[in-house]
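First the structure, in the form of structure tokens, and then the observations on it.
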Amino acid sequence: MHDIRRIRKDPNEIKESIARKGFDADIEEAVVIDDQWRNRIAQSERLKSELNKASRDIGAVKKAGNDAAEEMKAAKNIRVQIAEIDEEANIFKDKRNSLLLTIPAEPDEKAPEGLTEDQNVIYREATQFSKFDYKIIDHVTLAEELGILDMARGSKITGTAFPVYIGDGATLERALINFMLDEHVHNEDYKEVFIPFLVNRDSALGTGQLPKLEDDMYYVGNDELYLIPTSEVPITNLHRNEILNYKDLPIKYTAYSACFRREAGAYGAETRGLLRIHQFNKVELVQIVEPESSEQTQLDILSSATRLLDMLELPYRVVELCCGELSFAAARCFDIEVWSPATENWLECSSISNFRDFQARRMNLRYREKVGNKPNYPHTLNGSALATSRLMVSILENYQTPERRVRIPRVLKPYMNNLDQIRGNHP
RNA sequence: GGAGGAUUAGCCUAAUUGGUAAGGCAGCGGUCUUGAAAACCGCCGGGACUGACGUCCCUUGCAGGUUCGAGUCCUGCAUCCUCCGCCA
């Protein structure tokens, strides 16, 4: 949520800024409503001051054994006035806040201009491609042939685009997750957390999934809970409504979670097999840092993620999103894309975002630079490192042999009982 | 799910029949000291207004209610503890 004081100072600054994202918002209206709120609050506080004084006087009169009926009557009158004014104040406050909650984060100065995908910028050119002198078949055909993936049964037990991994496929999925977590925890200094996969409404509002993405989340009505679309939501919200000590920063968390996305309206060729599924696995990195260091932190997270792809020896490139492609809460974002040789497509397997103070403000997350100082908003960042489903696609295709087997990437072998190849049903 | 108890600022602990949150520890700044400790002084939940000094409002798990006035009384909810029930 944006700083209403800043908006009041210069409504056009934010208006122009979010226009880079292709957004428009009635910011003047928010200021008008805020004026109304301020007006009521000032009145209310003046009356409360009067009431407090009157009450203390009544106490003194009664203690002295005198009658205070008149004074009590007057005081009651003040209370009634306060109730009326507070009610109005709350209406204005709610109205102002729900308006503010629909205004997206401002893009970073460095975010490239543009509103559509083709205006994204290649931030880092593709790494070395594998050369094949035989035909590579696509991941679904191969995986189902090998018997390590079963889309049809997933569809039977749950619905379309809920994959079932079987045998070495299931082990490979688990190997990827464990490999990535181990790297972040043991070869970097992230703290591992295991979080709930359902969150309440306040959490989803805090990181900015709500109100905009309501239709993209699975909602459990009985308990008013949302299935998480990413572990960013529970992890970042761990410190919602807290005031952190500057000595605690940076906070670095990593977690595995299943992620659930309804992907409303998304069907077609791009959804084939594991390309776009309703439940997938992801290892996430989240950092809470002081504002001055967030730009560097985002690059750090980017290299933590690309390091995994280097180790997995998969071809990838890094794309920086233009303003219009940035998510609601993001100020700047890098996507990492792995190569699918069968379809000759780039597949997004990571998104690394700097939210600056946008999420912190929404969730009232603050830190104190020094004792006695006013609390300040930290910057929050996160990045997938990495989402497994498209890695799986890329592994199945890039590590495919002429015999239609799949070699196991070197770094994953220890996690696969030193298995060399997935042979599946092939001899 | 049921019964009983608990929740006061980072931690610990007070507050008479309802009278407007007292204190300790830790922490930070200062005086003193060669340095440190001790001692002493100040700060030590959030917010609004103000150039500043300050003034005011809110805060006893959360949300309501009763009252001139609520940590205290009433209702609902949450969390924790104990016991019972259920359960991978």
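Small disclaimer: the values here were computed from a predicted structure and weren't measured.
- With F328(A) as the aromatic partner, K212(A) does not meet the cation-pi criteria of under 6.0 angstrom to the ring centre and within 45 degrees of the ring axis.
- R5(A) has a side-chain polar atom (N or O) that falls below the 4.0 Å cut-off from OP1 or OP2 of A48(B).
- Electrostatic pairing of D138(A) and R272(A) counts as a salt bridge here, judged by a charged N lying under 4.0 Å from a carboxylate O.
- One interatomic measurement links the two molecules: CD of E50(A) to C1' of G69(B), which rounds to 16 Å at whole-angstrom precision.
- Between E106(A) and R20(A) no salt bridge is recorded (no basic side-chain N to carboxylate O distance below 4.0 Å).
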Please tabulate the protein-to-nucleotide N/O contacts below 3.5 Å involving nucleotides 7-12 of chain B, giving atom names and distances.
none

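- Partner S340(A) forms a side-chain hydrogen bond (donor to acceptor under 3.5 Å, both in side chains) with one of R390(A), H139(A), E397(A) and no other, that one being E397(A).
- Phosphate proximity of C57(B) to S49(A): present, with a side-chain N or O under 4.0 Å from OP1 or OP2.
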- Query: For RNA chain B, what is the dot-bracket line, given that a base pair needs Watson-Crick (N1 to N3, plus N6-O4 or O6-N4) or G-U wobble (N1-O2 and O6-N3) geometry with both distances under 3.5 Å, and | means paired with another strand?
  - Reply: (((((((..(((......[...))).(((((.......))))).(((((....)))))..(((((..]....))))))))))))....
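- Note: I336(A) CD1 to L308(A) CG = 8.5 Å, rounded to the nearest 0.5 Å.
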If you restrict it to nitrogen or oxygen atoms, what contacts under 3.5 Å exist between nucleotides 66-68 of chain B and the protein, and what is each distance?
unit_1, atom_1, unit_2, atom_2, d
C68(B), O4', M72(A), O, 3.4
C68(B), O2', S55(A), OG, 2.9
C68(B), N4, K62(A), NZ, 3.4

Each nucleotide N or O in nucleotides 58-64 of chain B that has a protein N or O under 3.5 Å away: list the pair and distance.
unit_1, atom_1, unit_2, atom_2, d
C58(B), OP2, N52(A), ND2, 3.3

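- Residues that satisfy the side chain to side chain contact (heavy atoms under 4.5 Å, CB included) test with A330(A), not counting sequence neighbours, are L326(A), S327(A), S353(A), F355(A).
- Taking the ring pair (Phe, Tyr, Trp, His ring centres under 6.0 Å) definition, one finds that W339(A) meets it with F129(A), W346(A), sequence neighbours left out.
- Residues R153(A) and D150(A) are paired through a salt bridge, judged by an N-O separation under 4.0 Å between the basic side chain and the carboxylate.
- Of the charged side-chain nitrogens involved, at least one lies within less than 4.0 Å of a carboxylate oxygen, so that K110(A) and E295(A) count as a salt-bridged pair.
- R8(A) has a carboxylate O that lies under 4.0 Å from a charged side-chain N of D35(A), or vice versa, which qualifies the two as a salt bridge.
- Rounding to whole angstrom units, CZ of residue R38(A) and P of A48(B) are separated by 8 Å.
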